[in-house]
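These notes concern the structure reproduced below.
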Amino acid sequence: PCSADHETTQPDRLNRPVEPADGSGRGPTAARAMNPRLAIAHIHKTAGTTLSAALKAAFGGRYCLVTSRDPWGPHLSAAEVRSMRTVYPNLEVLMGHDVRPTGDLHEAWPDLSYATFVRDPVVRCASHYQYDVQRGRVDLPFEEWITHDVSPNRQVRHLAGDGATGADAVRLVDERVDFVGVTEHFDASLVMMAAFYGFSRLAYVRKWSAPNDDIKRRLLDDPKTRALLEEANREDMVLYRHVLDEVLPRQEAAYGPALE
């Protein structure tokens, strides 16, 4: 089913026309066609709510923030997408935590393109714990929370599955994911994504922001908890370094000098 965002709006904004991909240095020289069939694997705490707002502005009724009907299922299925399209026949762009590149969505849409955003693993994990405490009412101490199976290497497991290594995730990203944004370079990533996929409009208002960052700052500033964060996210760091060192520069080069 489709759902809407109801997070608190913050004042940060981006509103600009999308430069054409015409080989003039104003966009990638090999952009996809307009109206893509696009599935975005949304990893927790990677600015997904803000990205969702931008997708709504760009695609309107052709966009849906999706969740699987089966809360225990491994991913949103092709059968579920076919069912959704009987209700939303214009549906072309999906995003959600249940969208996974390891799934079978391409069976519903053979020309489907996958995209995702990643974030510095140590900061993302600290932010996730903060969110769980502030919004999820989790009352576990961090030292216990970080030992739970769902906490470490969340980005690798989300993209490549439980038990996957950083190398597995790198291989999957290179083979199946057409675009990877980086939360720390959000505006530039969104501009490149818009040109790559042919968004007709690019605009967002930053959505959910933590009431305060005290918990995250404490975890990152304390050498003991930071060491736990680093140890728990070693595989995520393999993926993140690959994106920063290989994927992002390739996307920037394809976009051209106008990104600067």
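- How far OH of Y197 is from OG of S113: 2.5 Å, rounded to the nearest 0.5 Å.
- The closest side-chain donor-acceptor pair between R69 and S83 falls under 3.5 angstrom.
- Considering only heavy atoms from C-beta on, L91 stays 4.5 Å or farther from R62 through its side chain.
- Taking all atoms of both residues into account, the shortest heavy-atom contact from H97 to R100 is O-NE, 2.8 Å.
- In this structure the side chain of M84 never reaches within 4.5 angstrom of the side chain of V87, judged on heavy atoms.
- The backbone N or O of A160 sits nowhere less than 3.5 Å from a side-chain atom of D168 that would complete a donor-acceptor pair.
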Using the rule given for side chain to side chain contact (heavy atoms under 4.5 Å, CB included), can you reason through E92 versus Y63, listing the C-alpha separation, both sets of side-chain angles and the distance that settles it, and then say yes or no?
CA-CA 6 Å; E92 297 284 348; Y63 166 71; over 6 Å; no

Please test E246 against V170 for side chain to side chain contact (heavy atoms under 4.5 Å, CB included), starting from the C-alpha separation and ending with a verdict.
CA-CA 10 Å; E246 302 290 337; V170 165; over 6 Å; no

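- The minimum heavy-atom distance between S127 and K45, with the atom names listed, is OG-CE, 3.4 Å.
- Proximity of a side-chain donor or acceptor of T183 to a complementary backbone N or O of V118 within less than 3.5 Å is detected.
- In terms of heavy atoms, V156 sits closest to G166 at CG2-CA, 4.0 Å.
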For N90 and Y88, run side chain to side chain contact (heavy atoms under 4.5 Å, CB included): C-alpha distance rounded to whole Å, both residues' side-chain angles, the deciding distance at 0.1 Å, then the answer.
CA-CA 6 Å; N90 295 323; Y88 305 101; over 6 Å; no

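- For Y255 and F196, the ring centers sit 6.0 Å or farther from each other.
- With salt bridges taken as basic N to acidic carboxylate O contacts below 4.0 Å, none links D174 and R171.
- H42 and D98 are not linked by any side-chain donor-acceptor pair at a separation below 3.5 angstrom, with hydrogens and angles left out of the test.
- Between the side chains of Y129 and S151, no donor-acceptor pair of N or O atoms lies under 3.5 Å.
- A parallel orientation is assigned to the rings of H128 and H44, their planes being inclined by less than 30° (bins at 30° and 60°).
- Taking each heavy atom of R176 and G103 in turn, the nearest pair found is NH1-O, 4.3 Å.
- Residues F186 and T50 form a side-chain contact, since some pair of their non-hydrogen atoms from C-beta on lies under 4.5 Å apart.
- Remark: D149 CG is loosely packed, at most 12 non-hydrogen atoms of other residues, nucleotides or ligands lying under 6.0 Å away.
- Of the possible donor and acceptor atoms, one in the side chain of D104 sits under 3.5 Å from a partner among the backbone N and O of A78.
- In this structure, CD in E80 is found 9.0 Å from CG in L105, a value given to the nearest 0.5 Å.
- The side chain to side chain contact (heavy atoms under 4.5 Å, CB included) check on D162 picks up R157, with sequence neighbours excluded.
- Both I146 and L140 are members of a single hydrophobic cluster when ILVMFWY side chains are connected at heavy-atom separations under 4.5 Å.
- For the 3.5 Å distance criterion, the side chains of Y240 and E184 qualify, holding a donor opposite an acceptor.
- Here the side chain of Q155 pairs no donor or acceptor atom with the backbone of I43 at under 3.5 angstrom.
- Taken to the nearest 0.5 Å, the CZ atom of F142 stands 10.0 Å off from the OG1 atom of T147.
- Q251 contributes a side-chain N or O that, together with a main-chain N or O of V180, makes up a donor-acceptor pair within less than 3.5 Å.
- Distance check: Q130 CD to L219 CG gives 8.0 Å after rounding to the nearest 0.5 Å.
- Of the possible donor and acceptor atoms, one in the side chain of N153 sits under 3.5 Å from a partner among the backbone N and O of D236.
- Between F117 and S189, the closest heavy-atom pair is CE2-CB, 3.7 Å.
- Among residues at least two apart or in separate chains, side chain to side chain donor-acceptor pair (under 3.5 Å) pairs with a member in residues 221-230 are R226-E230.
- Hydrophobic clustering, with ILVMFWY side chains joined whenever heavy atoms are under 4.5 angstrom apart, keeps I215 apart from V150.
- T46 OG1 to R154 CZ: the interatomic distance, rounded to the nearest 0.5 Å, is 11.0 Å.
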Evaluate the criterion side chain to side chain contact (heavy atoms under 4.5 Å, CB included) for residue pair M95 and C64; output intermediate values, then yes/no.
CA-CA 7 Å; M95 183 176 117; C64 184; over 6 Å; no

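- The minimum heavy-atom distance between P101 and V177, with the atom names listed, is CG-CG2, 4.1 Å.
- Residue H106 holds its NE2 atom at 12.0 Å from CG of D111, rounded to the nearest 0.5 Å.
- Among I40, L76, L38, the single residue meeting the side-chain contact (heavy atoms from CB on, under 4.5 Å) criterion with L94 is L76.
- Centroid-to-centroid, the aromatic rings of F199 and F59 come within less than 6.0 Å.
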